[in-house]
**Q** 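Sharing a structure here in structure tokens format.
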Amino acid sequence: MRQAVTIFLSLLLFLLPTAQFRLWAQTSAASAQPVPAIATQTQAGFHLERIPIAGGAELLTVFGQLPGIAQAGAKQTQLDGAIMPLDSPPDVPLVTILRDTLGDETRENDRLRYVWMHTYTRPGARQRAAAAVPFLYNRVGNKGASKQSVPTPIIDLAATEQEVWQKLFWSALQTLFVDPYGFALKAPTRTYRRNVTDYRKAHIISALAILSLYEAEQGSANIFSPGELHEIQARLMLTEKTFGGIVDDIYLQRVYQQQTSQWLDTRGHNWELLRQQAEVNGLIFEPLQLPDGSATHAMLWVARTELEANSQRQFHARFLNIADPWGDKRLRNWQGYTETRYYDAEGRAVAPDTKDAHAVELIPLALYGLDHPKIPILLVDFRAALNPKQRELSRRVLEDVARNVLAVSRFDLPYFLGRTVYDYVTDKRGMDLNQTSRLRAYTQLKLLLSLDAALDPAFRTEVSRRLEYVSLNPLENDRMAQAALARAQYAALLDYAKR
């Protein structure tokens, strides 16, 4: 009986978001009217399409060009056997917001409802099965091509408190009814919940970044009313907080400002740490920027000509967490990706046709995320592909063994004290072990690779290939597959809205 109740409640929680949207749509369609033509607002890199819906609502969809995907490798993407052409229009539907206008022209009483991130889709059966396998920290492929149902919204802005109660209810259900059965049932359910949560969180991070980029480019044209974009962003930010869904609307502007300020401070702190360490070690520091100019990542390079000259140089690895490059034979015989830059007599980067400019061949060492708390986080090590993944797994494995195998609570006094001391030591020494997840940094990096047309295609391909090694979530799809899925999801949403 208890098992039957557990299964029923799990299915109820799983189906609730889609059921809520269907109910709203059916209610709004009671006064069905023909759907007018699409209204388009053009931006520099993004554009917004506004589609009125019968019954008094509208879909606001942010489209973006993904030059990184258009330039990548082949001209077609294979989705587990289905060939999807990439020579279609470059604009990809990214984020859709449903705004309930209540059937009038008054903007003051409009209500923001659902937000869809079109790369956020129901995983395939194989992905779901893999997501429940304990200690499986890897992707298992992309979602297969299938008939698209109504896309699942990533958040309901008008009922965010329901998410809080659902989380608490599921946690209680897990603790009281599932965990007593032991590892055989506890480990798969907890693993699946963790992967589902991380999968949704990654797409919320992407939605936040896209809305910020759109806001930075929109200029004077404004389909959204003052404060609406910040309200949406604040609600998405609050999804990371346990009780964020019950925060009152009057505090949303403050939440947005505080969180944005915190991210800027963290980014500036990590920028300076990494730049100083690069300067001390004689390496080249280069920030990587999103289209709005925000530097969320940074690269470290070494000049090939410096390897022999500095073979006896001492290397300070604090905050860098990579091997000593000066005595590394792999770099002296490096056959991988390189870039040629031009510098003047004073060591400043200049154009190739500048007088007295000389060429310098640069070898990539590592790529870091700057938005991570406490230290710059290593995302790509060009000499050791599994180095970042091992560091990411240091925390995940520790938690899974402690909670699922040993059944140790995080509030157990010896365990708590041990973790506290270990965290303090690693933080002080700048060690990238047992740190907070890289999920935010990796998600932003994937978005950067897709949006930045200025990146060298060979560099983009190299980084994308290495990112595949560090993917932990079986529910994830690669960048190429996501573009095709986004178009299919958007078409399914429009089809349902028009019906």
Side-chain angles (χ1 to χ4, degrees), residues 44-45 65 67-68 70-73 267-268 270-317 319-320 322-370 376 378-384 444-445 448-467:
Q65 297 180 358
Q71 294 174 1
R267 195 177 299 162
N270 287 333
W271 171 304
E272 193 61 23
L273 282 180
L274 195 60
R275 186 196 63 78
Q276 289 180 1
Q277 286 300 100
E279 183 177 338
V280 167
N281 287 288
L283 306 177
I284 298 174
F285 170 81
E286 179 189 19
L288 301 179
Q289 297 179 336
L290 286 170
D292 65 347
S294 57
T296 55
H297 299 80
M299 279 287 302
L300 288 187
W301 305 81
V302 63
R304 188 186 289 271
T305 54
E306 296 292 321
L307 293 173
E308 187 67 32
N310 295 297
S311 59
Q312 302 300 320
R313 182 171 183 163
Q314 184 180 3
F315 180 68
H316 303 276
F319 302 120
L320 301 184
I322 57 175
D324 183 354
W326 303 121
D328 196 337
K329 295 181 180 180
R330 292 173 295 180
L331 291 178
R332 297 185 184 183
N333 302 311
W334 185 259
Q335 300 296 322
Y337 176 82
T338 61
E339 284 192 12
T340 300
R341 308 279 179 86
Y342 292 85
Y343 296 87
D344 60 17
E346 297 181 1
R348 295 174 297 190
V350 295
D353 55 354
T354 303
K355 183 180 180 181
D356 297 329
H358 62 279
V360 176
E361 186 180 13
L362 301 182
I363 300 174
L365 291 180
L367 192 155
Y368 296 84
L370 301 180
L378 178 66
L379 301 180
V380 177
D381 186 339
F382 289 87
R383 289 175 290 164
Q444 290 178 328
L445 179 56
L448 173 67
L449 294 175
S450 298
L451 292 176
D452 193 350
L455 291 177
D456 181 67
F459 174 78
R460 189 196 318 275
T461 301
E462 180 70 10
V463 174
S464 299
R465 181 179 65 85
R466 292 179 179 275
L467 284 180

**Q** Could you list the residues that satisfy side-chain hydrogen bond (donor to acceptor under 3.5 Å, both in side chains) with S464, not counting sequence neighbours?
**A**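 Counting only residues at least two positions away or on another chain, S464 forms a side-chain hydrogen bond (donor to acceptor under 3.5 Å, both in side chains) with R479.
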
**Q** What side-chain donor-acceptor pairs closer than 3.5 Å can you find for residues 281-290, not counting sequence neighbours?
**A**
residue, atom, partner, partner atom, Å
N281, OD1, H316, N, 2.7
N281, ND2, Q277, O, 2.8
N281, ND2, H316, O, 3.0
E286, OE1, W301, NE1, 2.8
E286, OE1, R341, NH2, 3.1
E286, OE2, R341, NH2, 3.4

**Q** For L370, is there any backbone N or O sitting under 3.5 Å from a side-chain donor or acceptor partner on R267?
**A** no

**Q** Can you sort out the partners of A458 under side-chain contact (heavy atoms from CB on, under 4.5 Å), two or more places apart, ordered by chain and number?
**A** Y337, D456

**Q** OG of S311 to NZ of K329: how many Å apart, nearest 0.5 Å?
**A**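 With rounding to 0.5 Å, OG (S311) is 12.0 Å from NZ (K329).
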
**Q** Give me the atom names and distance for the closest heavy-atom approach of L362 to A303.
**A** CD2-CA, 3.9 Å

**Q** In chain order, what residues pass the side-chain hydrogen bond (donor to acceptor under 3.5 Å, both in side chains) check against R332, with sequence neighbours excluded?
**A**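 So R332 forms no side-chain hydrogen bond (donor to acceptor under 3.5 Å, both in side chains) with any residue.
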
**Q** List in chain and number order the residues that pass salt bridge (charged side-chain N to carboxylate O under 4.0 Å, His left out) with D324, two or more places apart in sequence or in another chain; answer none if no residue qualifies.
**A** none

**Q** Is there side-chain contact between L378 and L320, with heavy atoms separated by less than 4.5 Å?
**A**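 Contact flag for L378/L320 side chains = no.
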
**Q** Tell me which one of L300, L379, L273, L445 satisfies side-chain contact (heavy atoms from CB on, under 4.5 Å) with Y368.
**A** L300

**Q** For residues W326 and Q312, determine if any side-chain heavy atom of one lies less than 4.5 Å from a side-chain heavy atom of the other.
**A**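 No, side chains not in contact.
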
**Q** Salt bridge (charged side-chain N to carboxylate O under 4.0 Å, His left out) with R313: which residues, sequence neighbours excluded?
**A** none

**Q** Hey, does the side chain of R383 reach the backbone of R330 with a donor-acceptor pair shorter than 3.5 angstrom?
**A**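 No; judged by distance alone, with no hydrogens or angles, the pair does not exist.
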
**Q** Would you please name every residue forming a side-chain hydrogen bond (donor to acceptor under 3.5 Å, both in side chains) with N270, sequence neighbours left out?
**A**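 Scan of N270 (side-chain hydrogen bond (donor to acceptor under 3.5 Å, both in side chains), adjacent residues dropped) gives none.
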
**Q** Nearest 0.5 Å please: distance from the CG atom of L449 over to the NE2 atom of H297.
**A**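 Taking CG in L449 and NE2 in H297, the distance rounds to 8.5 Å.
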
**Q** Quick one: side-chain contact (heavy atoms from CB on, under 4.5 Å) partners of A317, sequence neighbours excluded?
**A** F315

**Q** What pairs with Y342 under ring pair (Phe, Tyr, Trp, His ring centres under 6.0 Å), at least two apart in sequence or on another chain?
**A**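 Y342: no ring pair (Phe, Tyr, Trp, His ring centres under 6.0 Å) contacts found.
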
**Q** Where do F459 and E339 come nearest, in terms of heavy atoms and distance?
**A** CB-OE2, 4.2 Å

**Q** Pairs in or reaching into residues 275-285: which pass salt bridge (charged side-chain N to carboxylate O under 4.0 Å, His left out), with residues at least two apart or in two chains?
**A**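 For residues 275-285: E272-R275, R275-E279.
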
**Q** Among all residues two or more places apart in sequence or in another chain, which pass the side-chain contact (heavy atoms from CB on, under 4.5 Å) test with T338?
**A**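 For T338, the residues satisfying side-chain contact (heavy atoms from CB on, under 4.5 Å) (neighbours in sequence not counted) are R304, W334, E361, I363.
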
**Q** List the atom of A295, the atom of W271, and the distance in Å for their closest heavy-atom pair.
**A** CB-CZ3, 3.5 Å

**Q** Report the distance from atom CG of L274 to atom CE of M299, rounding to the nearest 0.5 Å.
**A** 10.5 Å

**Q** With a 4.5 Å limit on heavy-atom distance, are the side chains of D344 and D356 in contact?
**A**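 Counting from C-beta outward, D344 and D356 never come under 4.5 Å.
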
